Each structure stands twice: as C-alpha cells, then as structure tokens.
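These notes concern the structure reproduced below.
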Amino acid sequence: MIAEINSPGIARIGNIIQCGIALERAMERSANLPGLVCFYGPSGWGKSLSSNYLCNSKRGYYIQVKSIWSKKVVLQKILGEMAIKPGNTVGEMLDQVCDQLSASGRPLVIDEMDHLVEKKAVELVRDIYEGSQAPILIIGEEQLPQKLKKWERFHGRILSFMPALPVSLDDAKQLATVYAPGVECSDDLLRKLVADSHGSVRRVCVNLDQVREEAAGYGVNKVDLAWCQQHKVAFYTGEAPKRRVA
C-alpha cells in the first residue's frame, strides 16, 4: 500500500502518495473499467521522481519519452525495459509489448507523454492498452488533459485524471532529511522555501542543498530563516536574474 512507503533516501512527499493513488486505481480496477490513468502538473513538481519510484515498487515498466523518439523507438525502449529483443517490424514489436504486459500483469508508466501528443502518436499508447488491457499511467504537463481531448477514443479510456500537488511544508520537512541531512531546519525557514518555490519540489530541493552547504561551511547543524538572512544565503526562486548595467 502507498501508506507504507518509507525507503531510505526517498522523501515521502505528497505526490508519491498522489501518484500512487492513480496507479493503484488502474491496477485494482474492476474488469469492465478502463485502465489508463493520467498524472499531470507543472514542471518541477516531482512527477517523474514519484512515478519512477512507484513504478519500481510495483515492478512496472517505465520509460521517459524524448522529443525525438519515433513510434518505433518508443516500442524499442519499452522492450528494452522488458529485457526483450525487439522484433523486425513495428507491428511485431507492438505485439511483443502487449503480450508481455498481458502475461506479466505489470503496469506501464509513460513519462513525458506530451511528446507523444506533439508527434500525434497518442494512438500508439491506445494500441498498447487495447492489446494488453494492462494498467498504464501516463504523465505530463499541466495542459495534458486538455491536449488529449483531441483524441476522443483515447480520452474516453482514461479512468482518472490525477493532478500533482504543489510542495507543502510537510513535503519540505521530508525533503530536508534527504537534501540537508544532519541539519535541523526551522519551520520558518522551510515555510520561506515553500513560499519561494511557487509549488516546485525541485526548487525546494535545490535550496535545501544550498542550506546544507552553507551550514557545513560554518560548522553548524541548526539553522533558521534569521541565520540564513544574516549569512546572506541566496535562495533560488525560479526568477530570471535581473540585468546589471555597468
């Protein structure tokens, strides 16, 4: 169960639970329900980290699509995850993927689904689903659900759309144990990091690593917001640096 996730080096942030709910809905669905689920949200919110971890915990197959991949390459990459030698044609490879998913009962996770939308390769994923009836989790940016409406037959087979959550104070506390180990960070400091992150897990991680580095440099193991301000610790907020005119 998702509530039991607690692995060393993994911060149990809310999006691991959120993504896990989506994946379990597909894996535990009734026989007459569709098995596609969508996990979506802005860049940097921890979608890939959460889905990759959960895929491993469920012994699933995971690919992160690249912008230059063709349909053939997508199938080759999935078969690579399955440790299966690809067939000679795209049709043979599709059958191999479907057969393995059907026989194994394992989920398939497709990250960066937006690239397949842009290449008009969405129907490939539907073909995989129809040929295997396997649980498939697709992951993409905030507008992915709207983009998929163009493919009505695909959109209608999605069991659930699960939005990623913005980083929270509880998430920051969990992340601090991984990215600032041995440093006790006060709540007011963590609130500042969360506020400056604009929802991004990635930005909080970057800033916690900065705090760890500064604390190590001064030989301290307990820091708060006042300490960081006193020592001019610069936090990354995602804003572009202002132009300096000589």
Side-chain angles (χ1 to χ4, degrees), residues 2-22 39-57 62 64-67 109 111-112 114 139-144 162-246:
I2 298 304
E4 297 172 352
I5 294 172
N6 188 17
S7 299
I10 295 293
R12 189 173 173 273
I13 61 174
N15 276 329
I16 286 184
I17 298 173
Q18 191 83 334
C19 182
I21 292 171
F39 186 48
Y40 66 97
S43 176
W45 282 31
K47 303 185 303 296
S48 294
L49 182 150
S50 300
S51 60
N52 199 339
Y53 173 76
L54 283 164
C55 187
N56 287 334
S57 71
Y62 175 93
Q64 187 175 66
V65 180
K66 308 302 181 187
S67 61
V109 177
D111 199 357
E112 301 287 358
D114 297 85
I139 301 157
E141 298 299 313
E142 196 167 11
Q143 296 303 313
L144 181 59
M162 185 68 72
L165 302 172
V167 67
S168 67
L169 177 60
D170 286 341
D171 289 341
K173 290 178 179 179
Q174 295 288 335
L175 292 166
T177 65
V178 176
Y179 292 92
V183 180
E184 182 180 341
C185 299
S186 67
D187 282 359
D188 68 335
L189 171 58
L190 295 177
R191 287 193 188 95
K192 172 66 173 173
L193 298 186
V194 169
D196 285 352
S197 73
H198 305 295
S200 172
V201 172
R202 185 181 299 134
R203 289 178 190 145
V204 171
C205 294
V206 169
N207 288 325
L208 283 169
D209 185 67
Q210 178 71 8
V211 168
R212 177 200 58 76
E213 187 175 313
E214 294 289 342
Y218 284 97
V220 299
N221 57 14
K222 186 175 182 178
V223 296
D224 57 16
L225 181 58
W227 185 91
C228 289
Q229 291 172 337
Q230 178 186 351
H231 293 84
K232 295 181 172 55
V233 180
F235 296 136
Y236 172 62
T237 64
E239 298 294 331
K242 295 181 180 179
R243 181 184 178 189
R244 294 183 178 180
V245 181

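Everything quoted here is computed from the prediction, not taken from an experiment.
A side-chain donor-acceptor contact under 3.5 Å links Asp114 to the backbone of Glu141. With hydrogens and angles ignored, the 3.5 Å screen pairs no side-chain donor or acceptor of Ser197 with any backbone N or O of Val204. Between the side chain of Ser51 and the main chain of Ser48, a donor-acceptor pair closer than 3.5 Å is present. Lys47 places no side-chain N or O within 3.5 Å of a backbone atom of Pro163 that could act as its donor or acceptor partner.
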Please tabulate, one pair per line, all N/O donor-acceptor pairs under 3.5 Å involving side-chain atoms of residues 206-213, not counting sequence neighbours.
from, atom 1, to, atom 2, distance (Å)
Asn207, OD1, Tyr236, N, 2.6
Asn207, ND2, Arg203, O, 3.2
Asn207, ND2, Tyr236, O, 2.9
Asp209, OD1, Arg212, NE, 3.2
Asp209, OD1, Arg212, NH2, 3.0
Gln210, NE2, Glu214, OE2, 3.3

Working for side chain to side chain contact (heavy atoms under 4.5 Å, CB included), residues Phe39 and Asn15: CA-CA 10 Å; Phe39 186 48; Asn15 276 329; 3.9 Å; yes
So Ile13 and Leu175, side chain to side chain contact (heavy atoms under 4.5 Å, CB included) or not? Walk me through it. CA-CA 8 Å; Ile13 61 174; Leu175 292 166; 3.9 Å; yes
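Remark: Leu193 CG to Leu169 CG distance equals 10.0 Å, nearest 0.5 Å. Between the NZ atom of Lys173 and the CG atom of Asp171 there is a distance of 11.0 Å, given to the nearest 0.5 Å. Taking CZ of Arg191 as the reference point, atom OG of Ser186 lies at 8.5 Å (rounded to 0.5 Å). A distance of 9.5 Å separates OH of Tyr40 from CD of Gln143, quoted to the nearest 0.5 Å. A distance of 9.5 Å separates CZ of Arg12 from OH of Tyr53, quoted to the nearest 0.5 Å. Between atom OH of residue Tyr62 and atom CG of residue Leu54 there is a gap of 11.0 Å, rounded to the nearest 0.5 Å.
For Asp224, there are no side chain to side chain donor-acceptor pair (under 3.5 Å) partners at least two apart in sequence or on another chain.
Between Ile139 and Val109 there is a side-chain heavy-atom pair separated by less than 4.5 Å. Contact of the Cys185 side chain with the Val223 side chain is registered, since non-hydrogen atoms from C-beta on lie closer than 4.5 Å.
Atom OH of Tyr179 sits in a sparse spot, with 12 or fewer heavy atoms from other residues, nucleotides or ligands closer than 6.0 Å.
Across Val167 and Ser200, no two heavy atoms sit closer than the pair CG1-O, 3.8 Å.
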